[in-house]
Structures are given as structure tokens and as C-alpha cells.
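Heads up, the thing below is written out as C-alpha cells.
Note that the structure is predicted; figures quoted are calculated from it, not measured. Side chains included, hydrogens not; waters and symmetry mates left out as well; all remaining heavy atoms used. Convention: sequence-line order gives letters A, B, ...; per-chain numbering from 1.
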Protein chains: 2
Amino acid sequence: MAEGQATRRPTVYDVAQEANVSIASVSFAFRRPDKLSDATRERVLDAARRLGYAPSAAARGLARGRTGILGLHAFDLLLERPDPLARPLSGLKSPRLDTGSPIGWDDTDDEVLSDPRAFPLYVDEVQRGFELECWALGRPVMLSSGSDTDVSVADTVGRVDGLAIFPSPQTAPTLARHSPSIPIVLFSTAPADDAHHRVRVDNAGGMRALVSHLIDEHAATDLAFVGRPEAADVVERHDAMLAELQDRGIRSRPGVVDATVRGADDLVPQVRALIAAGRMPQAFVCASDQHAFALLDALEAEGLRVPDDVVVTGFDGTLGSRLTTPALTTVRQPMEAMGRAAARILAGTAGAAPSGGAFDVVFEARVVVRRSCGC
Amino acid sequence: MAEGQATRRPTVYDVAQEANVSIASVSFAFRRPDKLSDATRERVLDAARRLGYAPSAAARGLARGRTGILGLHAFDLLLERPDPLARPLSGLKSPRLDTGSPIGWDDTDDEVLSDPRAFPLYVDEVQRGFELECWALGRPVMLSSGSDTDVSVADTVGRVDGLAIFPSPQTAPTLARHSPSIPIVLFSTAPADDAHHRVRVDNAGGMRALVSHLIDEHAATDLAFVGRPEAADVVERHDAMLAELQDRGIRSRPGVVDATVRGADDLVPQVRALIAAGRMPQAFVCASDQHAFALLDALEAEGLRVPDDVVVTGFDGTLGSRLTTPALTTVRQPMEAMGRAAARILAGTAGAAPSGGAFDVVFEARVVVRRSCGC
DNA sequence: TTGTAAGCGTTATCAT
DNA sequence: ATGATAACGCTTACAA
């Protein structure tokens with residue numbers, strides 16, 4: 001095994017000895033080069049290089065009281081999320097690496113892992129934005145995941161100077177305890193009575209614009225919402241759809257098409273029921289692109305053509321939405337920008353929060369018109 | 001600004017006082033729950049929760065000698081890489097977050113950031129595999145970037161228990177000093193006389209298979225290589241193309257189409273020159289998908305149709321290669337699997353390296369046939 | 001300009 | 001079962 005190396009890591013003491021100076025000088029050579037004479041500085045740096053000295057971030061963090069790292073945390077829940085088509089990533093093959101012979105294609109699970117319906121998703125693009133900004137700021141990023149138990153969260157909190165989080169239902173209360181000591185940013189969470197910062201998208205505006213498009217351009221007024229209004233995001237989108245219809249004096253059909261189970265399997269019976277009852281809507285408005293992917297599969301399985309027989313729309317604007325057939329009309333969130341905003345807030349480069357409290361940054365969403373609505 | 005919170009982080013001392021026990025008991029409550037009576041353990045855990053105690057990873061790391069974190073490092077160079085279409089990500093807008101009003105679409109740079117030609121690339125998919133495996137292993141991941149100076153590298157090394165790296169030319173020697181103390185994995189680097197582990201792809205096999213396809217299926221024997229054979233990967237691919245041609249007794253054209261500058265700008269003159277000289281090849285074999293993207297643009301600018309007038313192929317099999325028009329025939333690397341392999345090596349869950357030394361894991365590549373070759 | 005020494009918050013070894 | 005206490009490697013006054 002690779003872990004547990006032979007050689008002990010060199011420390012300031014080793015370098016100090018090698019360079020014939022005190023440990024303070026070693027430290028200064030790196031942190032306060034100006035406080036040292038050129039000669040000693042060079043001597044120290046040289047010794048450090050020779051020894052392969054790498055300052056211990058742990059020791060530095062302890063002494064300084066901050067690690068310098070910004071964290072991005074995803075709860076397990078997220079990866080086990082009920083979105084259709086979010087594959088469980090357990091059960092992947094783990095080919096032996098110690099045989100010395102090349103690893104065959106069939107041992108890589110590449111088909112599963114390269115599926116654009118599974119990557120990059122919303123979280124992946126937000127993460128990328130976070131990374132880009134941290135890179136620009138010169139700050140390392142720590143990625144972690146875990147349950148939303150106190151212990152797991154605390155472990156993550158203990159490693160970073162600030163933490164951005166994709167929320168699980170239990171998130172806010174558990175985190176509240178840590179808010180006083182480090183800044184915390186929640187993505188896609190409705191405002192609440194806590195001290196967390198927030199970065200989110202204008203779900204209502206995006207959904208209303210989408211519904212308006214369907215009504216105005218495609219005369220579609222009988223809309224069925226696909227998704228379970230539980231997560232804050234989905235609730236907002238659902239509400240906005242209903243609100244836009246109501247504002248226009250259009251009566252909306254009751255209930256939603258529930259798509260909480262993985263894959264299209266669960267949608268097929270519901271689609272069949274709608275067909276049988278002669279209640280097919282003019283358009284399925286999905287809570288997310290993921291839901292739309294699954295629905296497209298279910299509709300195809302039942303021989304329905306999109307957009308000819310029925311319109312389908314998504315939400316998020318992930319890359320995968322460009323790759324469906326037909327390409328998906330959806331609402332794009334500026335995910336990278338959202339990730340960047342979170343990083344700036346945590347790093348303290350975003351100015352002061354308005355009204356003294358926490359940041360609540362809302363981004364505009366934008367309708368992306370493609371083939372699936374009939375355009 | 002968010003950084004620099006009001007409240008000091010609670011420590012073991014605070015919890016000990018709150019729970020009326022010694023600091024040792026606090027530590028035990030978390031690390032060795034069995035060594036404590038149920039009563040005290042609960043009392044401690046309760047106090048910890050009440051106080052919002054999060055164990056300091058820095059202190060733990062110091063005491064234990066390991067941080068538990070696995071690192072993935074990218075040199076700045078990589079992001080400034082000479083690949084066509086790799087945009088400089090500096091110069092992005094940074095909208096004010098403190099105004100309290102929604103952030104407009106035009107302030108997000110979303111068009112640039114969501115370009116599938118820029119994300120996800122090779123490094124992004126490898127990174128994802130690394131993350132997936134670390135997540136499965138319950139290990140946090142640290143992402144960092146920086147120059148390949150001794151100081152920058154050492155800083156990263158000091159933060160992790162093991163490090164995977166996308167190489168820059170200077171990488172190996174700088175890192176060699178640290179190899180004795182922590183395990184290091186290099187991606188896509190030819191074997192050399194050092195102690196680093198390696199995870200790479202069978203470039204030669206992939207390229208030979210691709211060239212064979214072009215010759216056998218499309219009778220294309222006049223191939224032009226696009227890319228500058230400098231990086232190890234590109235050299236291997238170039239060499240393999242020449243070797244396959246030679247093995248078949250086919251004379252290859254001298255030189256390469258150089259595509260080291262950003263964008264298609266630089267390719268247009270070269271394409272023009274080929275046209276003018278009546279020396280257009282039957283196929284352009286590009287060193288990477290990125291090169292192919294740029295070339296497709298250049299060819300279109302010159303009014304040449306792919307694959308009718310000339311064939312184009314890529315290498316890597318990134319998502320973007322599915323989205324070009326025509327879709328790109330390319331060689332896919334199992335990038336996620338490569339990232340996962342690196343994580344397993346670093347975590348020590350990959351067994352022992354063969355022949356006692358370092359791991360050198362080679363993955364099979366696979367030709368992905370799409371429209372751009374005429375199929 | 002350089003050295004001495006006191007923390008920083010854990011873990012782990014001894015005692016009790 | 002619990003409590004003292006000595007590391008762990010670095011930063012940073014303060015001395016020299």
C-alpha cells in the first residue's frame with residue numbers, strides 16, 4: 001500500500017539544524033523573508049529544498065487559528081437524491097491495480113460514469129464556479145460529503161475557514177450552531193431566520209417566464225407539473241407555475257406527476273394512466289432537467305412524440321439538456337456564477353452584507369428555448 | 001466581509017468545562033466512545049452540541065501526524081495551457097453582491113462559463129473520478145493549484161496525506177523531494193526514473209486503433225497531425241500515428257500542423273497554406289479534442305466541409321466532442337476510472353505496487369466513431 | 001539580524 | 001473510568 005511512507009516528514013527543526021539557524025529563522029524564511037538577511041534566507045531555503053521540507057499545514061493552522069481552506073460540502077443525501085436518473089454510484093467496479101498489466105475497457109464502468117445525464121449536474125457546475133473563484137483567490141478548496149449528523153458536519157467545519165453547502169432538509173438547524181464561528185453559505189435555500197448566507201436563483205421569475213412562453217408562443221394552457229414539491233426549490237417552482245396561470249385567469253389541473261423514484265420506471269404507469277384517462281396535458285413542466293430526462297424516456301416508451309404529441313420542459317439548464325432528443329427547453333441557472341459568489345462571500349471579498357446581516361444573493365434565471373417545446 | 005467571525009471557536013477546554021470533565025474525556029467521547037461510561041459520554045456530546053463544538057482538524061492533524069486529506073493539484077500552467085479554446089478565466093465579471101438586488105444575467109458570464117468546449121475537459125472528468133472514490137472512502141479532498149515553484153508545491157504537500165497531480169514539464173523533479181514522505185501520483189506521464197506512482201492511458205494503442213480505422217474504413221492514408229509534440233501525451237500520440245503508418249508501409253507527410261496558440265486564429269493561415277499548396281490531407285488527426293474543436297472552426301471559416309472535404313479526429317473523448325457539428329470521432333480515455341485509481345493508490349486501498357516499486361497503471365483507450373470521420 | 005520560548009487544540013501515555 | 005500531562009510543528013512576541 002501507498003500510505004504510510006518510509007521517511008518521516010522533515011520539520012522546521014530538521015531544516016534549522018541543516019542550515020545552522022534557529023527554527024524561528026526557518027519560519028521567517030518563508031513567512032517574513034524581509035526580516036532575514038539575504039544570506040541566511042538563502043541558506044535556509046536551500047536546506048529546505050535539499051531536505052524536501054514542506055511546512056505542516058496542520059501546525060500552521062493551529063498556530064494561526066485558520067487553515068486558509070474554503071470548504072464545499074455535499075450531504076450524502078444529495079448523491080442519493082430522489083431525482084430520476086441520479087444513479088447510485090456505489091457498485092462500481094474496482095479493478096486490481098497491482099497486476100502490472102493494462103486495465104481493460106470493460107473494467108472501467110466508463111459508460112455509466114460518462115453519461116451526460118449524470119454529469120455535470122447542477123451541483124457540479126456550481127462546484128466548478130466555486131473552484132474557479134478559489135483558484136483566482138489562491139485558496140485551496142476542500143470537498144467533503146457526509147451525513148447531516150452533528151458529528152459529520154462538525155468534522156467538516158473543523159477543517160475550513162468557511163463552508164458552502166448544498167442543503168439537505170436538516171441542514172440549517174444543524175449548521176446553526178457553527179454559524180457564529182465560521183461563515184456558512186447555503187445554496188438554493190429559501191430565506192429563514194438564521195445567520196447563514198444564501199446564494200440562490202430567482203425560481204419564480206424563471207418559472208413564470210417559462211410558463212409565459214408556453215402560453216404565449218405555444219398556446220399551451222393545460223400544464224402538468226412533474227416533481228414532488230418538497231425541496232424548497234421545487235416548491236418555489238411549482239408555486240410560481242400555479243401563480244402565473246392564476247394571474248392569467250387560467251384554471252390549473254390539480255396535483256402533480258410524482259417523480260421521486262429513480263429512473264423512468266415509475267413514470268411510465270403515470271403516463272399510461274393519463275393516456276387512459278384521456279387527460280394528457282399539453283405540456284409537462286418538469287421540476288428539473290433530471291425529471292425531464294426521465295419523463296422523455298417514459299414518453300418514448302409509450303410511443304408519444306415530443307413536442308408533436310406533448311411538450312416537455314426542464315429546469316436548471318444542465319449540459320445534458322442539450323443532448324436529449326429533442327433538445328430540452330429549460331430554464332438556465334447561472335450555476336458557475338453562483339458558486340463563485342459563494343466563494344467570494346466566504347473569502348470575505350464580497351464586501352459587507354447589506355443591512356448588516358447575512359448575504360442573500362439572488363441570481364436571475366433565463367429561459368433557454370430549444371426543440372422540446374415546439375420551437 | 002464574512003471572514004473573521006465574531007465568536008471564537010469552542011475547544012475541548014470549553015466543552016470539558018461545560019460538561020465538568022477533563023479534556024481527555026472530551027477527546028475520548030469522540031474518538032474512543034467505548035472507553036467512557038455512557039453517562040459521561042452523553043454529557044460530553046451534549047455539551048459539545050450545545051456549544052457548537054467542532055474539533056480542530058489542524059490540532060488533530062498535528063497530534064496524529066496526518067490530516068486525512070487527499071489532494072489533487074493542478075499547476076497554473078494547466079489552466080494557461082496552450083490548447084486551443086482553453087479560455088483564460090481571468091477577466092470574468094465579479095458583480096457586487098452587497099446591493100441586495102438580484103444579479104442580472106449579463107453579469108454572470110454564463111455564456112463563457114457554460115461552454116461545453118471548456119468544461120468538462122479531461123482534467124475535470126479525472127477530478128470527478130478522484131472525488132467519487134474519495135467520497136466512497138470517506139476521505140475529504142483538497143483541490144489546489146499553483147505554480148510549480150518549490151514553495152507552492154511544498155505548501156500543497158504540507159496539507160495532505162497523499163497527492164495526485166496533473167503534470168507540468170517541471171513537475172517530476174520538484175516533486176521528487178517529497179516522494180519519500182508522502183505518496184504522489186502523476187497523471188499522464190511517461191515512466192521515468194523516480195519514485196512517483198503513475199496513472200495513464202495507452203496512448204499508442206488508442207492512436208493506432210484510430211489510424212487503423214481511418215485507413216481501413218475510409219481509405220485515408222494521407223494524415224496530418226495537429227498539435228505540437230511537446231507534452232508527453234502528445235509525443236506518444238504523434239509517434240504512434242507515425243508508427244502505425246510505417247508498419248503499414250505508408251509514407252507519412254513531414255511535420256505537423258501546429259496548434260499551440262489559443263483559438264482558431266492561428267489555424268486559419270495554416271489551413272489556407274495547405275489549400276493554396278494543394279496539400280490538403282485526407283484527414284487531420286488532432287492531438288486532443290480541444291485541438292479538433294479549433295480546427296473545425298478554422299475549416300468552417302475556410303468553407304471546407306467535414307467529413308466531405310476532409311476528415312477530422314480528436315483525442316480524449318470529452319463531452320464536448322459529442323456536441324460539435326459534425327460530432328467528433330475520437331479516442332476516449334476512461335478518465336473517471338483514472339481518477340478513481342489515483343485515489344485508491346493514495347489511500348492505500350490498491351494493494352501493493354507490483355515489483356515492490358511504484359504503481360504504473362495503464363488504462364486501455366477506445367476509439368469512438370462519430371460523424372467527423374465519415375462514418 | 002537572530003534566538004528563546006510561549007502558546008495553538010488535539011491525541012495519547014501514564015497515573016490514579 | 002477518568003484526569004494530568006507531554007508531545008505534535010509552527011508562529012510570533014520578546015530578548016539578546
Side-chain angles (χ1 to χ4, degrees), chain A residues 7-45 47-48 51-69 151 154-155 157-161 181-182, chain B residues 7-45 47-48 51-69 151 154-155 157-161 181-182:
Chain A
T7 313
R8 177 180 134 287
R9 296 193 194 209
T11 72
V12 267
Y13 298 101
D14 300 317
V15 179
Q17 186 167 43
E18 175 86 6
N20 247 298
V21 295
S22 74
I23 59 165
S25 298
V26 176
S27 183
F28 281 155
F30 288 94
R31 311 296 157 206
R32 330 264 354 216
D34 47 303
K35 311 217 75 171
L36 244 45
S37 75
D38 289 9
T40 29
R41 180 164 19 83
E42 282 314 318
R43 197 142 40 87
V44 171
L45 260 21
L51 264 39
Y53 169 69
S56 154
R60 172 159 19 115
L62 225 207
R64 286 215 186 144
R66 334 182 292 108
T67 64
I69 302 183
V151 173
D155 180 84
V157 168
R159 295 173 177 280
V160 300
D161 290 345
S181 40
I182 68 165
Chain B
T7 313
R8 179 180 133 285
R9 296 195 194 206
T11 72
V12 268
Y13 297 101
D14 301 315
V15 178
Q17 185 167 44
E18 175 87 5
N20 246 295
V21 295
S22 75
I23 60 164
S25 297
V26 176
S27 183
F28 279 155
F30 288 94
R31 309 296 158 209
R32 327 269 348 224
D34 48 303
K35 309 218 75 172
L36 243 44
S37 74
D38 290 9
T40 29
R41 179 165 16 85
E42 282 315 316
R43 197 144 40 87
V44 170
L45 260 23
L51 266 38
Y53 168 69
S56 154
R60 173 156 20 114
L62 224 207
R64 287 226 255 230
R66 335 183 293 109
T67 64
I69 301 182
V151 172
D155 180 84
V157 168
R159 295 174 178 278
V160 300
D161 291 344
S181 40
I182 68 165

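Between A:R32 atom CZ and D:dC14 atom P the separation is 15 Å, expressed in whole Å. What separates CZ of B:F28 from C1' of D:dG3 is a distance of 10 Å, to the nearest Å. Across the protein-nucleic acid pair, A:L36 atom CG and C:dG3 atom P stand 9 Å apart, rounded to whole Å. Protein atom CZ of B:R64 is 20 Å distant from nucleotide atom C1' of D:dC10, rounded to whole Å. The distance from atom CZ of B:R60 to atom P of D:dG9 is 17 Å, rounded to the nearest whole Å. Separating the CZ atom of B:R43 from the C1' atom of D:dT2 is a distance of 11 Å, rounded to the nearest angstrom. The distance between atom CZ of A:R9 and atom P of D:dC10, rounded to the nearest whole Å, is 10 Å. Following rounding to the nearest Å, B:F30 (CZ) and D:dT2 (C1') show an atom-to-atom distance of 17 Å.
OP1 or OP2 of D:dT2 has at least one side-chain nitrogen or oxygen of B:S37 nearer than 4.0 Å. Note on B:S27: a side-chain N or O is less than 4.0 Å away from OP1 or OP2 of C:dT11. Between A:S25 and the phosphate of C:dG3, there is a side-chain N or O to OP1/OP2 separation shorter than 4.0 Å. Residue A:T11 places none of its side-chain N or O atoms closer than 4.0 Å to OP1 or OP2 of D:dG9. Listed pair A:T40 / C:dT1 fails the phosphate criterion, with no side-chain N or O lying under 4.0 Å from OP1 or OP2. Contact check, A:S22 against C:dG3: a side-chain N or O comes under 4.0 Å of OP1 or OP2.
Counting any heavy atom pair closer than 4.0 Å across all strands shown, A:I23 reaches a base atom. Residue-level contact check: A:V26 touches neither bases nor backbone, having no heavy atom under 4.0 Å from any strand. When heavy atoms are screened at a 4.0 angstrom cut-off, B:R31 is found touching the sugar-phosphate backbone but no base atom. Residue B:Y53 is classed as a sugar-phosphate contact, given heavy-atom separations below 4.0 Å to backbone atoms only.
Within the model, atoms OG of A:S181 and OH of B:Y53 stand 12.0 Å from one another, a figure rounded to the nearest 0.5 Å.
For A:Q17, the CD atom counts as loosely surrounded, since its 6.0 Å shell holds 12 or fewer non-hydrogen atoms of other residues, nucleotides or ligands.
Closest-nucleotide positions on DNA chain D for B:L62 and B:D34 were compared, and the one nearer the 5' end corresponds to B:D34.
Of the residues A:L45, A:V44, A:T40, the one that meets the side chain to side chain contact (heavy atoms under 4.5 Å, CB included) test with A:V26 is A:V44.
Salt bridge B:R64/B:D161: absent, no basic N to carboxylate O contact under 4.0 Å.
At a threshold of 4.5 Å between non-hydrogen side-chain atoms, the residues B:R9 and B:D14 do not count as touching. Counting only heavy atoms from C-beta outward, the side chains of B:R31 and B:P55 approach each other to under 4.5 Å. Taking 4.5 Å as the limit, every side-chain heavy atom of A:L36 sits out of range of all side-chain heavy atoms of A:R43.
Checking side-chain atoms of B:T67 against main-chain N and O of B:G61 turns up no donor-acceptor pair under 3.5 Å.
Taking every side-chain heavy atom of B:A59 into account, C:dG9 is the closest of D:dA4, C:dG3, C:dG9.
Heavy-atom distances under 4.0 Å link DNA chain D to A:V12, A:Y13 of residues 12-20 of chain A, given in residue order.
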